[in-house]
Amino acid sequence: MLASKLVETSTITTQHRCTRFQTFHHETQKMDCEKLEETEDNYECEEFEETPLYAAVLTYLSYAILCIFGWLRDFLRQSYVERKKGALDPNAKLGFVPLYQSYESFYTRNMYTRVRDIFNRPIGSVASSEFDLVERVSDDYNWTYRYTGNKIRAINLGSYNYLGFAEKDGPCATAAINSIKSYGSALCSTRSELGTQSYHIELETLLAEYLGVESCIAFGMGFATNALNIPALVSKGDLVLSDELNHVSLILGIRLSGAKIQTFAHNDMKDLERKLHDAIVYGQPRHHRPWRKILIVVEGIYSMEGSICRLPQIVELKKKYKAYLYLDEAHSIGSMGKRGRGIVDYYNMNPNDIDILMGTFTKSFGSSGGYIGGKKSLIDHIRINSHANCYASSMCAPVIYQILSSIRIIMGKDGTKEGIRRIQQLADNTRYFRKNLVDMGFIVYGNKNSPVVPMMIYMPARVTRFNREMLARGIAVVTVGFPATKLLEARVRFCISASHTKEMLDKALSAIDEVGDTISLRYSKRHEHRRLKDLK
Amino acid sequence: MLLSLISTIDTEGLATDFYGLLQSFYHAPMYHIVLEILLFFSVMWLLFFRKPHPIEKKLTEKEKQELIDEWQPEPLVPAVDPNHPALNVRVLDGPVGKHITIDNEESLNFATLNFLNFVGNERIQNKSIQAVQKYGVGSCGPRGFYGTIDIHLELEERLARFLGCEEGIIYSYGFSTIASIIPAYSKRNDVIFVDEGVHYAIQKGIEASRSHIKWFKHNDLNDLERLLIEQENLDKKNMKKARATRRFLIVEGLYMNYGDLCPLPRMVELKYKYKYRIFIDESVSFGTIGQTGRGITEYYNIDRHQIDLISSTLEYAVGSIGGFAVGSSFVIDHQRLSAQGYCFSASLPPLLAAAAIEALNIMEENSDLFETLMYKSKQLHNKLIAIKGYVIQGDYLSPLKHLRLPDEFNTIGRLESIVHFAQTKHITITVARYLQDEHVLPQPSVRLILNVDMSEEEMDFLCAVLQEALVVTM
């Protein structure tokens with residue numbers, strides 16, 4: 001009952017996660033490593049250790065206590081014993097229907113506000129491997145903040161900066177600055193009217209070469225690339241099979257398109273095959289007419305789990321059942337693969353096997369925006385029918401020049417080995433960090449090679465304390481809990497970057513070791529619990 | 001034969017009246033009665049209560065495999081027309097200002113929405129460059145996870161202060177701004193009253209919200225009142241449901257598809273009578289209408305505290321990229337956790353936030369910019385209506401006008417040839433582009449935009465070329 005009430009209060013929970021919140025053990029308990037050999041080249045080795053019983057019980061108990069206190073405080077506020085903090089509706093006394101349901105804001109008032117200081121931390125410098133956090137203090141338990149004017153220097157394990165291109169000097173920044181001087185910083189028109197400049201065409205050509213596809217189109221926002229282009233590809237009468245942990249932008253895009261959506265269990269190829277089989281054999285529900293087309297939507301790296309999709313099996317299934325594949329490489333482009341070309345490169349597959357390759361420029365290229373790549377007929381269709389192409393402003397020059405220069409560096413077109421060095425450094429950093437965490441006895445999810453490293457914490461109070469203790473030691477981390485993850489599975493998510501040096505990683509590991517010892521975060525049953533000094 | 005058989009039956013034993021019937025009932029053996037009752041009940045069941053079972057078609061494996069082999073999906077995308085205008089756009093080269101360069105030829109720009117000509121402004125460029133030198137280009141994260149940069153907070157505060165509201169919030173894409181705001185407030189059982197002529201982003205936001213939508217005719221207050229009265233009658237029938245149904249009115253300050261202003265004062269009056277909340281999208285009117293560019297609320301002298309939310313884009317007058325919304329803290333703060341385009345997307349690159357702040361500085365320092373713009377819009381309007389053969393749509397002080405040919409002649413083909421001819425004379429204008437699935441597809445038109453730095457001679461030149469174009473293309 002409790003959990004269901006909390007699920008309803010969540011405003012960000014996707015429909016996918018809602019259906020699975022009741023599972024007590026994480027269903028994919030299987031350790032895929034057992035079937036395959038544990039070698040360095042093992043691409044699909046992923047681990048998702050099950051939640052320990054005592055952690056689950058204590059987590060539920062924590063939420064129950066929070067709820068009880070929440071009701072108590074709400075009661076005190078209603079009876080005017082406690083003063084209502086937070087903004088009040090100016091229209092409240094005029095007979096308007098309340099703007100928010102009280103149970104929606106229950107979560108915000110009573111749970112989120114207590115720990116609000118660990119989110120939305122403002123920074124005052126470039127988001128590279130080390131940055132300056134703007135110090136903010138609260139005198140009234142996080143209802144309002146005051147900026148002291150000080151800056152806290154911290155190691156950045158939270159920003160998406162996989163290849164380290166978030167730099168304020170260097171060839172990319174210089175190119176961006178020169179482009180501002182030549183072109184200004186906006187275009188005030190859409191791509192289908194007068195928003196196309198020569199550098200848009202240059203970007204799209206270079207990107208197509210980078211990805212190994214026929215043609216590409218770029219947009220100004222990664223979220224909008226999914227939400228506004230999927231309606232141009234599928235519509236009513238089509239079926240979309242989407243992984244249950246897909247990103248909100250994909251779900252929004254599919255919902256706006258009007259197609260029927262079915263989810264399959266995360267990375268479960270048998271479930272996907274069964275659903276494909278049934279879809280073709282039984283057709284649309286009720287009248288059983290055949291589906292017009294079937295689209296499988298998966299992501300390269302799932303940002304909360306650190307797992308990667310099983311691309312070879314999906315492509316095999318896709319060819320067997322004549323479906324189409326949409327691959328969202330928001331996190332994996334640039335960060336996976338020997339040449340940094342994403343999951344397709346990681347598995348050494350042919351990019352033409354995937355019908356629609358989508359990705360973003362925010363994570364590995366240090367810029368902003370998204371792209372879609374594929375055959376020329378597909379891209380032409382998108383140019384004509386995309387909402388973003390017809391109504392949204394085109395990308396501005398500095399953003400494009402940053403992407404152009406970073407792609408050239410990755411491809412080695414600038415004549416140096418800098419691109420390869422960064423890719424290699426990222427892979428080394430990832431392996432080193434993950435190995436140490438696992439050897440210390442923490443539960444770490446995801447693929448061995450993914451630079452997204454989620455470490456489980458489970459209890460809400462420990463999540464908050466971990467975050468604050470790490471910041472006190474000079475490490476900025478990202479901790480996520482309900483509703484972005486399942487109720488039981490609050491975690492800290494580290495994002496490794498190629499710009500992290502070994503010293504920074506060692507400093508982070510020793511801080512994690514210390515804090516993990518203080519608040520007992522070593523949950524793993526499969527690996528021995530060790531201190532960092534014992535690993536050397 | 002049968003008749004003789006019947007006549008030989010002993011008729012005395014047959015019951016011929018009700019009394020006799022009862023008598024025979026008493027004399028009948030028990031098993032007979034029981035059998036008759038069972039028969040009666042089984043007939044009743046057969047007739048009324050048995051649900052017909054559909055014959056279950058269990059497919060064999062072979063049949064399933066055949067179905068799979070036979071199924072042919074449609075192609076992923078249908079065939080495209082290679083002559084579609086979206087595939088044959090003009091490619092610019094160089095900054096977008098009063099003049100633009102297409103194919104190495106400079107022309108006067110009446111087509112892009114930079115009303116205040118801030119693109120290419122030195123002060124703004126310098127600030128953007130300084131921002132790149134401090135923060136790099138991208139922000140590398142969503143607002144919740146170290147993507148909040150102090151310059152974003154500064155921009156939000158400046159925007160709120162500029163419009164005299166409590167709080168502001170910024171988005172990284174103009175289209176996503178209003179399209180994320182509407183579903184954050186309006187849910188499945190709520191009612192939205194919206195003008196038919198709103199632009200596409202609002203239409204998508206409304207679709208995403210899954211609320212009940214009531215369209216009223218463009219700028220027609222009587223139609224709106226009719227819908228409001230209908231809703232009130234519905235409320236009276238079910239008071240409990242009415243107390244849980246939120247109502248919203250969504251309008252634009254200056255309509256992008258029509259160029260006219262919305263009748264806001266009366267809508268605010270109706271707000272307090274029928275208890276709905278107003279969201280205004282001032283994408284085109286922010287920075288163009290009003291004595292100091294503060295939009296339609298300034299033009300009509302309406303207290304901004306009466307408007308629940310004002311949203312706009314930073315991509316037109318302000319000359320940057322992104323969007324924002326301002327209002328009371330109570331309303332705006334909700335978006336920080338429930339607007340999808342805010343929570344799940346990377347934040348605005350800091351250089352664009354810096355450009356927007358500097359643009360706001362310029363707007364606050366030179367408030368005569370807006371008077372000039374309004375004056376020139378009126379001038380242009382007068383010049384345009386003087387040309388015979390065109391139908392001008394748009395308010396006389398709107399810097400955005402729609403130009404059409406008289407009814408039967410108004411086709412996209414003719415308008416494109418006018419645009420093409422104008423380009424040869426070094427005037428750049430454009431046909432307004434829409435997607436086919438707009439709620440009310442506007443008639444084909446040429447969208448004319450006035451830049452504040454245009455001189456009167458240049459406007460005269462535009463009108464002369466348009467006049468000539470009529471002659472040449474008819």
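Just so it is clear: chains get the letters A, B, ... in the order the sequence lines come, proteins before strands, and each one is counted from 1.
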Steps toward side-chain contact (heavy atoms from CB on, under 4.5 Å) verdict (A:F165, B:V137): CA-CA 9 Å; A:F165 280 114; B:V137 174; over 6 Å; no
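- Residues A:S377 and B:V77 approach most closely at O-CG2, 3.9 Å, considering heavy atoms.
- Contact annotation for B:A201: neither backbone nor side-chain heavy atoms come within less than 4.5 Å of a heavy atom of chain A.
- Contacts with chain A were tallied for B:F118, B:F330, B:F248; B:F330 has the most, counting heavy-atom pairs under 4.5 Å.
- Of the two parts of B:N121, neither the backbone nor the side chain holds a non-hydrogen atom closer than 4.5 Å to a non-hydrogen atom of chain A.
- When B:F115, B:Y274, B:Y185 are compared by the number of non-hydrogen pairs under 4.5 Å with chain A, B:Y185 comes out ahead.
- Taking the side chain as every heavy atom from C-beta outward, B:R143 and A:N120 approach each other to under 4.5 Å.
- With a threshold of 4.5 angstrom between heavy atoms, B:V119 approaches chain A through side-chain atoms but not through N, CA, C or O.
- Listed for the B:Y434 side chain is no donor-acceptor partner under 3.5 Å among the backbone atoms of A:Y391.
- Neither the backbone nor the side chain of A:F361 comes within less than 4.5 Å of any heavy atom in chain B.
- The parts of A:K322 that come within reach of chain B are both its backbone and its side chain, each placing non-hydrogen atoms under 4.5 angstrom from that chain.
- Contacts of B:E438 with chain A are made by side-chain atoms alone, with heavy-atom separations under 4.5 Å and no backbone atom involved.
- For A:I382, no part lies near chain B; criterion is any non-hydrogen pair under 4.5 Å.
- In terms of heavy-atom pairs under 4.5 Å with chain A, the best-connected choice from B:T245, B:N109, B:D333 is B:T245.
- Listed for the B:R277 side chain is a donor-acceptor partner under 3.5 Å among the backbone atoms of A:V97.
- For B:S139, the part lying under 4.5 angstrom from a heavy atom of chain A is the backbone only.
- B:I102 touches chain A through its side chain: at least one heavy atom from C-beta onward sits under 4.5 Å away, while N, CA, C and O do not.
- For B:R336, no part sits under 4.5 Å from any heavy atom of chain A, backbone or side chain.
- With respect to chain A, the highest number of heavy-atom pairs below 4.5 Å among B:E167, B:R433, B:M256 belongs to B:R433.
- Neither the backbone nor the side chain of A:Y199 comes within less than 4.5 Å of any heavy atom of chain B.
- Both the backbone and the side chain of A:F119 come within less than 4.5 Å of a heavy atom of chain B.
- Rounding to the nearest 0.5 angstrom, the gap separating the CH2 atom in B:W71 from the CH2 atom in A:W291 is 10.0 Å.
- For A:I180 against B:S128, the heavy-atom pair with the smallest separation is CD1-CB, 3.8 Å.
- For chain A, no part of B:A317 is nearby; none of its heavy atoms comes within less than 4.5 Å.
- Looking only at distances, no side-chain donor or acceptor of B:Y173 sits under 3.5 Å from a matching main-chain atom of A:M221.
- Interface residue B:F175: only side-chain heavy atoms are found under 4.5 Å from chain A.
- The contact between B:L352 and chain A is made entirely by side chain atoms (from C-beta outward), counting heavy-atom distances below 4.5 Å.
- Separating the OG atom in A:S189 from the OH atom in B:Y316 is a distance of 8.5 Å, to the nearest 0.5 Å.
- With chain B as the partner, the residue from A:G95, A:G184, A:G158, A:C188 showing the most heavy-atom pairs under 4.5 Å is A:C188.
- In this structure, chain A has a heavy atom under 4.5 Å from the side chain of B:L153, while its backbone stays farther away.
- Using a 4.5 Å cut-off between heavy atoms, B:V331 touches chain A through backbone and side chain atoms alike.
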Hey, mind stepping through A:L133 and B:Y146 against side-chain contact (heavy atoms from CB on, under 4.5 Å) and telling me if it holds? CA-CA 9 Å; A:L133 284 169; B:Y146 305 110; 3.8 Å; yes
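- Remark: B:K64 NZ to A:I280 CD1 distance equals 12.5 Å, nearest 0.5 Å.
- At most 12 non-hydrogen atoms from other residues, nucleotides or ligands lie less than 6.0 angstrom from NZ of A:K168.
- Proximity to chain B involves both the backbone and the side chain of A:S367, based on heavy atoms less than 4.5 angstrom apart.
- Here the CG atom belonging to B:L314 is positioned 10.0 Å from the OG atom belonging to A:S393, to the nearest 0.5 angstrom.
- Side chain of A:Q197 to backbone of B:G94: a donor-acceptor contact under 3.5 angstrom is found.
- With a threshold of 4.5 angstrom between heavy atoms, A:R191 approaches chain B through N, CA, C or O but not through any side-chain atom.
- Interface remark: A:V134 contributes side-chain atoms only to the contact with chain B (heavy atom separation under 4.5 Å).
- Heavy atoms closer than 4.5 Å to chain B are found in both the backbone and the side chain of A:A173.
- For the pair B:E74 (side chain) and A:K293 (backbone), a donor-acceptor distance under 3.5 Å is absent.
- The contact between A:S394 and chain B is made entirely by backbone atoms, counting heavy-atom distances below 4.5 Å.
- Between the CD1 atom in A:I177 and the CD atom in B:Q133 there is a gap of 4.0 Å [rounded to 0.5 Å].
- Checking side-chain atoms of B:R246 against main-chain N and O of A:L99 turns up a donor-acceptor pair under 3.5 Å.
- Proximity to chain A is limited to the side chain of B:A355, based on heavy atoms less than 4.5 angstrom apart.
- Taking both residues in full, the closest heavy atoms of B:T428 and A:L194 are given as CG2-CD1, 3.4 Å, listed atom of the first, atom of the second, then distance.
- Proximity to chain B is limited to the side chain of A:F131, based on heavy atoms less than 4.5 angstrom apart.
- Here the straight-line distance linking atom OG1 of A:T196 with atom CG of B:D93 works out to 12.0 Å at 0.5 Å rounding.
- Top candidate by heavy-atom pairs under 4.5 Å with chain B, chosen from A:I123, A:V281, A:T479, is A:I123.
- In terms of heavy-atom proximity, B:L351 sits nearest to A:P398 at CD1-CG, 3.5 Å.
- Listed options B:G136, B:P183, B:C140 were ranked by heavy-atom pairs under 4.5 angstrom with chain A; first place goes to B:C140.
- A:K181 touches chain B through backbone and side chain together, each having a heavy atom under 4.5 Å away.
- Only the backbone of A:E167 comes within less than 4.5 Å of a heavy atom in chain B; its side chain stays farther off.
- When all heavy atoms are compared, the tightest approach of A:S182 to B:P95 is O-CD, 3.2 Å.
- Proximity of B:Y200 to A:C390: side-chain heavy atoms (C-beta onward) are nowhere separated by under 4.5 Å.
- Taking each heavy atom of B:A346 and A:T362 in turn, the nearest pair found is CB-CG2, 3.3 Å.
- Among the candidates B:G144, B:S328, B:S345, the residue making the largest number of heavy-atom pairs closer than 4.5 Å to chain A is B:G144.
- Residue contact with chain B, scored on non-hydrogen atoms closer than 4.5 Å, involves the backbone and the side chain of A:A476 alike.
- Counted within 6.0 Å of CG on B:D103, heavy atoms from surrounding residues, nucleotides or ligands total 12 or fewer; the atom is thus considered open.
- Proximity to chain A (any heavy atom under 4.5 Å) is shown, for B:T112, by both the backbone and the side chain.
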